[in-house]
Each structure stands twice: as structure tokens, then as C-alpha cells.
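The next block holds one structure in the form of C-alpha cells; read it before the comments.
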Amino acid sequence: QVDLVESGGGPVQAGDSLKLSCKVSGTQMYYAMGWFRQTPGKEREFVAAITWTGGMTYADSVRGRFTVSRDKNSMWLQMDRLKPEDTAVYYCAAGATLGVVDKDSYDAWGPGTRVTVSS
């Protein structure tokens, strides 16, 4: 059992930066934690992931603009040069043991935080 809570979302303008946070209850160790995002009518899509050793994976759409980081009880997503297409509810996930880009590889999810990027 693990609880995840995201924060830091909000309305911003294109080109702005925003930093999302994910607080994790307990002290469990995970192979990887990840960020996903979802818009109405679309399937939840992979954004970024980080392993317990610090290895990072990014979706092509955010590579070079977003940076993921972590410590024992938290994970962050630094988002730079935001675009309107980044608008979505962003979810923090934990528990992946393989295939970090696959949402089905994760065991626990936060409730999400909304990011709205206006042009």
C-alpha cells in the first residue's frame, strides 16, 4: 500500500515553466516512478520516468523540455518551454518493475494535478 499526491499544477502561458511535485507516503523502494498525463477522450500517456538508481526516460514529445528527479519520498517534474499541447491532468505513478513507459506496469497512482497552457 502506497499513497501518492501530486501538486504544483495550474494555468500558465506558452513558454512558461512549471514544477510538479509528487509526495509518496511510506518509505518503500521502487524500481521506477513515472509521470503520465491525460486529456478528455484520450488514453493516459507516458511523460517521464526515473528509476531508483536515477536512470531517466522521456517521451519524445517532452524530451529536452521536461526533467524528472526524485528522492526517497518525493518525485518532481520540471517543465520548461511549455506548449498548449502539454495541457492535461498529470499523474504520478509508482511500482513499475518493467516497461516504464507502459501505464499497466505501475501499481499505484495519485489523483492528478491539472496543467493548462494557454497560447
Side-chain angles (χ1 to χ4, degrees):
Q1 181 68 32
V2 61
D3 292 320
L4 310 173
V5 180
E6 305 92 341
S7 63
V12 297
Q13 293 184 315
D16 284 353
S17 295
L18 200 61
K19 189 171 186 177
L20 306 183
S21 296
C22 174
K23 300 301 295 183
V24 184
S25 65
T27 57
Q28 294 91 347
M29 296 295 293
Y30 304 100
Y31 169 71
M33 296 183 66
W35 289 98
F36 289 74
R37 65 188 183 186
Q38 189 168 23
T39 56
K42 294 184 177 181
E43 188 175 3
R44 194 166 298 186
E45 68 171 337
F46 172 75
V47 176
I50 185 165
T51 68
W52 74 275
T53 60
M56 294 171 282
T57 304
Y58 296 97
D60 290 342
S61 58
V62 306
R63 187 176 294 109
R65 298 188 298 118
F66 291 9
T67 304
V68 63
S69 58
R70 58 158 285 275
D71 68 11
K72 186 172 67 175
N73 300 113
S74 302
M75 180 175 63
W76 298 271
L77 184 67
Q78 176 65 48
M79 304 184 292
D80 296 320
R81 303 193 305 280
L82 283 161
K83 304 176 179 179
E85 50 262 47
D86 294 319
T87 295
V89 175
Y90 283 72
Y91 297 91
C92 169
T97 56
L98 56 88
V100 297
V101 306
D102 184 355
K103 60 179 171 56
D104 294 330
S105 294
Y106 293 84
D107 298 319
W109 297 83
T113 185
R114 182 174 294 277
V115 173
T116 302
V117 185
S118 300
S119 61

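- Test T67, I50, V68, V62 against L77 for side chain to side chain contact (heavy atoms under 4.5 Å, CB included) and you get one pass: V68.
- Separation of atoms CZ (R44) and NZ (K103) is listed at 8.0 Å; rounding is to 0.5 Å.
- Other residues, nucleotides and ligands place no more than 12 heavy atoms under 6.0 Å from the CD atom of E43.
- Closest approach of L18 to G9, counting heavy atoms only: CD2-CA, 4.2 Å.
- Atom OH of Y90 is separated from atom CD of E6 by 12.5 Å, given to the nearest 0.5 angstrom.
- The cluster map of Ile, Leu, Val, Met, Phe, Trp and Tyr, joined by side-chain heavy atoms under 4.5 Å apart, puts M56 and M75 in the same cluster.
- The line from CZ of F46 to OG1 of T57 is 5.5 Å long, rounded to the nearest 0.5 Å.
- Between S74 and K23, the closest heavy-atom pair is OG-NZ, 2.6 Å.
- To the nearest 0.5 angstrom, L4 atom CG is 11.5 Å from Y106 atom OH.
- Here the OG1 atom belonging to T116 is positioned 11.0 Å from the CG atom belonging to L82, to the nearest 0.5 angstrom.
- What you find for S119 and A14 is that their closest heavy atoms are CA-CB, 4.2 Å.
- Residues W109 and Y31 share a single hydrophobic cluster, defined by chaining ILVMFWY side chains whose heavy atoms lie under 4.5 Å apart.
- M79 is listed as a side-chain neighbour of V115, based on a closest heavy-atom distance under 4.5 Å.
- Put simply, W35 and V12 are part of the same group of oily side chains (I, L, V, M, F, W, Y) that touch within less than 4.5 Å, one to the next.
- Dense packing is recorded around CD of E45, with more than 12 heavy atoms of other residues, nucleotides or ligands lying under 6.0 Å away.
- To the nearest 0.5 Å, the span separating CZ on R37 from OH on Y91 amounts to 13.0 Å.
- Taking 4.0 Å as the cut-off between side-chain N and carboxylate O, D60 and R63 count as a salt-bridged pair.
- Across all their heavy atoms, D80 and S17 have their closest contact at OD1-OG, 2.8 Å.
- Counting all heavy atoms, side chain and backbone alike, V2 lies closest to A108 at CG1-CB, 3.2 Å.
- The minimum heavy-atom distance linking F36 with V100 is given by the pair CZ-O, 4.0 Å.
- Grouping the Ile, Leu, Val, Met, Phe, Trp and Tyr side chains by contacts below 4.5 angstrom, directly or via other members, places M33 apart from W76.
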